[in-house]
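Below is one structure, written out as structure tokens; comments come after it.
Each ligand, and each atom within it, is numbered from 1 in the order the structure gives. Owing to the predicted nature of the structure, the values given are computational and were not obtained by experimental measurement.
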Amino acid sequence: MARKFKQIAIYGKGGIGKSTTTSNISAALVEAGYTVLQFGCDPKSDSTNTLRDGKYIPTVLDLLRAKPKVDAHEAIFRGFKGVYCVEAGGPAPGVGCAGRGIITAVELLKQQNIFHELDIDIVIYDVLGDVVCGGFAVPIREGIARHVFTVSSSDFMAIYAANNLMKGIQKYSNTGGALFGGIIANSINNTYQRSIIDDFATHTATQVVEYVPRSITVTQSELGGKTAIEAQPESVQADIYRSLARKIIEHTESKVPAPLDIDALREWSAQWANQLLAIESGEIRGAQAGI
Ligand SMILES: Nc1ncnc2c1ncn2[C@@H]1O[C@H](COP(=O)(O)OP(=O)(O)OP(=O)(O)O)[C@@H](O)[C@H]1O
Ligand SMILES: [Mg+2]
């Protein structure tokens with residue numbers, strides 16, 4: 001029996017770990033026997049390279065620049081254990097709209113019904129932090145991805161980007177847009193970081209899907225052009241990504257999040273600032289601080 005086809009999108013602040021996390025989820029899912037397509041939506045077109053020994057692939061926009069008509073198969077490459085990789089690409093730097101790559105690439109694959117043809121179980125869109133233009137909102141707005149996740153650390157700017165993403169989802173939710181699946185908490189290495197991200201999830205009526213520590217395993221693997229799943233399959237970090245991947249593939253219930261307006265977000269963060277200061281100065285200890 002064919003499995004149910006699923007499309008998810010991963011957003012988050014620049015440099016927060018979207019491509020690393022997405023590639024490890026993809027690698028863990030192909031390893032578990034799923035047919036996976038990772039769709040890089042960043043004009044940098046580096047989303048899939050740790051699935052392909054650090055090698056870059058021609059993007060949909062590169063191919064379309066070379067000739068007017070492109071077959072979708074030409075833009076799809078295989079990586080670790082057969083994972084399918086696509087990079088939307090972008091315009092030449094400084095020219096044109098970066099979101100166009102996503103619109104064009106999504107259209108190309110949709111028109112040619114490629115997901116069905118390849119019998120894909122899950123498409124994972126690795127998008128961007130801020131929904132800066134219409135192109136980047138495509139996976140959310142048009143309901144292409146049903147479930148949206150954000151990668152966020154406990155740093156304010158990452159949380160700010162996550163909160164903005166929730167605002168985008170909330171806006172498109174009553175016109176058939178995607179819903180929010182949860183926060184993938186990245187670079188969480190101590191209890192106060194965990195408490196901050198947990199508290200943000202509570203305040204926005206969302207949930208944390210997984211806590212991923214910052215780990216040298218990821219650094220080493222990336223330097224070798226690989227995911228942790230491929231380079232260090234026995235590592236603790238690889239098991240954390242497997243656990244995350246399982247939760248993502250089994251996830252069914254997404255919802256409309258309740259983002260904070262900017263004043264409420266600032267008030268929330270100021271309380272944490274006081275809390276951390278009090279902890280540092282020894283005024284309150286972990287248990288009292290609720291962490
Ligand atoms: N859990 C982690 N442990 C160690 N290093 C990490 C972890 N997560 C991400 N990194 C590192 O952080 C850097 C940025 O990660 P990545 O490229 O995945 O971010 P991104 O959100 O996709 O960035 P961009 O917005 O530029 O696309 C990489 O060098 C990556 O190896
Ligand atoms: Mg990236």
Side-chain angles (χ1 to χ4, degrees), residues 8-28 38-57 59 79-80 83 85-90 93 98-99 101-102 105 124-133 135-137 139 145 148-162 164-165 168 183-190 193-194 197 208-233 235-245 247-248:
I8 69 157
I10 298 196
Y11 285 74
K13 179 190 174 294
I16 202 64
K18 297 177 292 295
S19 302
T20 305
T21 310
T22 308
S23 298
N24 276 288
I25 294 170
S26 294
Q38 182 163 321
F39 199 130
C41 297
D42 190 319
K44 283 197 308 312
S45 49
D46 61 353
S47 172
T48 58
N49 67 48
T50 53
L51 292 170
R52 302 189 73 260
D53 290 326
K55 295 190 201 87
Y56 291 78
I57 57 178
T59 70
F80 175 65
V83 61
C85 303
V86 176
E87 295 282 353
I102 304 179
I124 311 181
Y125 297 87
D126 171 11
V127 202
L128 275 190
D130 297 296
V131 185
V132 283
C133 83
F136 296 113
V148 174
F149 295 85
T150 184
V151 176
S152 179
S153 68
S154 61
D155 290 341
F156 181 74
M157 290 318 289
I159 287 178
Y160 177 78
N164 277 346
L165 169 68
I183 300 168
I184 299 166
N186 192 33
S187 300
I188 304 298
N189 288 49
N190 59 44
Q193 292 170 332
R194 191 172 166 136
I197 200 79
V208 174
V209 186
E210 191 65 83
Y211 305 91
V212 181
R214 193 150 192 95
S215 156
I216 197 165
T217 306
V218 174
T219 314
Q220 283 170 333
S221 306
E222 186 191 46
L223 288 169
K226 294 186 191 310
T227 59
I229 297 283
E230 182 177 9
Q232 301 201 41
S235 61
V236 173
Q237 193 78 3
D239 273 345
I240 293 169
Y241 286 126
R242 287 188 189 103
S243 158
L244 169 61
K247 289 175 186 168
I248 298 268

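Residue contacts with ligand 1: Val212 is placed with no nitrogen or oxygen under 3.5 Å of a nitrogen or oxygen of the ligand (distance criterion only). Residue contacts with ligand 1: Thr20 is placed with a nitrogen or oxygen under 3.5 Å of a nitrogen or oxygen of the ligand (distance criterion only). In terms of polar-atom proximity, defined here as any N/O pair under 3.5 Å, Asp126 makes no such contact with ligand 1. Residue Val218 has no nitrogen or oxygen atom sitting less than 3.5 Å from a nitrogen or oxygen atom of ligand 1, judged on distance alone.
Shown here for Ile197 and Tyr211, the closest heavy-atom pair between the two residues is CG2-CE2, 4.2 Å.
Shown here is Ile216, whose CD1 atom has no more than 12 heavy atoms of other residues, nucleotides or ligands within 6.0 Å.
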Kindly indicate, with the supporting measurements, whether the criterion side chain to side chain contact (heavy atoms under 4.5 Å, CB included) is fulfilled by Ser19 and Asp46. CA-CA 8 Å; Ser19 302; Asp46 61 353; 4.3 Å; yes
The test is side chain to side chain contact (heavy atoms under 4.5 Å, CB included); show your working for Thr50 and Thr20 and say whether it passes. CA-CA 8 Å; Thr50 53; Thr20 305; over 6 Å; no
Verdict with reasoning, Ser152 to Thr150, per side chain to side chain donor-acceptor pair (under 3.5 Å): CA-CA 6 Å; Ser152 179; Thr150 184; 5.8 Å; no
Step by step, work out the side chain to side chain contact (heavy atoms under 4.5 Å, CB included) result for Leu244 and Thr21. CA-CA 9 Å; Leu244 169 61; Thr21 310; 3.7 Å; yes
Run the side chain to side chain donor-acceptor pair (under 3.5 Å) check on Gln38 and Thr22 step by step: do they pass? CA-CA 8 Å; Gln38 182 163 321; Thr22 308; 5.2 Å; no
Quick one: do Ser47 and Asp42 satisfy side chain to side chain donor-acceptor pair (under 3.5 Å)? Show the steps, please. CA-CA 7 Å; Ser47 172; Asp42 190 319; over 6 Å; no
Please assess Ile188 against Val208 for the test side chain to side chain contact (heavy atoms under 4.5 Å, CB included), listing each intermediate value before the final yes or no. CA-CA 12 Å; Ile188 304 298; Val208 174; over 6 Å; no
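Counting atoms of ligand 1 from 1 in the listed order, those under 4.0 Å from a heavy atom of Asp42 are 27 (O). Within ligand 1, the atoms closer than 4.0 Å to a non-hydrogen atom of Ser19 are 18 (O), 20 (P), 22 (O), numbered from 1 in the order shown. Distances below 4.0 Å separate heavy atoms of Glu222 from the following atoms of ligand 1: 28 (C), 29 (O), 30 (C), 31 (O). Per-residue contacts place Gly14 under 4.0 angstrom from the following atoms of ligand 1 (heavy atoms of the residue considered): 25 (O). Which parts of ligand 1 touch Gln237 is read off a 4.0 Å heavy-atom cut-off, strictly below it: atoms 1 (N).
Put simply, part of Gly15 is less than 4.0 Å from ligand 1, judged by heavy atoms. Note on ligand 1: Ser215 sits in its first shell, one or more heavy atoms being nearer than 4.0 Å.
Checking Ala161, Gly17, Pro213 against atom 1 (N) of ligand 1, the nearest heavy atom belongs to Pro213. Proximity annotation for atom 26 (O) of ligand 1: of Arg214, Lys18, Lys44, Lys44 comes nearest, heavy atoms only.
The part of Asn186 lying near ligand 1 is the side chain, judged by heavy-atom distances below 4.0 Å.
For Arg52, the salt bridge (Lys or Arg N to Asp or Glu O under 4.0 Å) criterion is met by no residue, not counting sequence neighbours.
Contact annotation: the side chain of Arg242 approaches that of Pro233 to within less than 4.5 Å [non-hydrogen atoms, C-beta and beyond]. Annotation: side chain of Ser153 is not in contact with side chain of Asn186 (no heavy-atom distance under 4.5 Å). Between Phe80 and Ile229 the shortest side-chain heavy-atom distance falls below 4.5 Å.
Excluding waters, the set of protein N/O/S atoms under 2.8 Å from the Mg ion (ligand 2) reads Ser19 OG.
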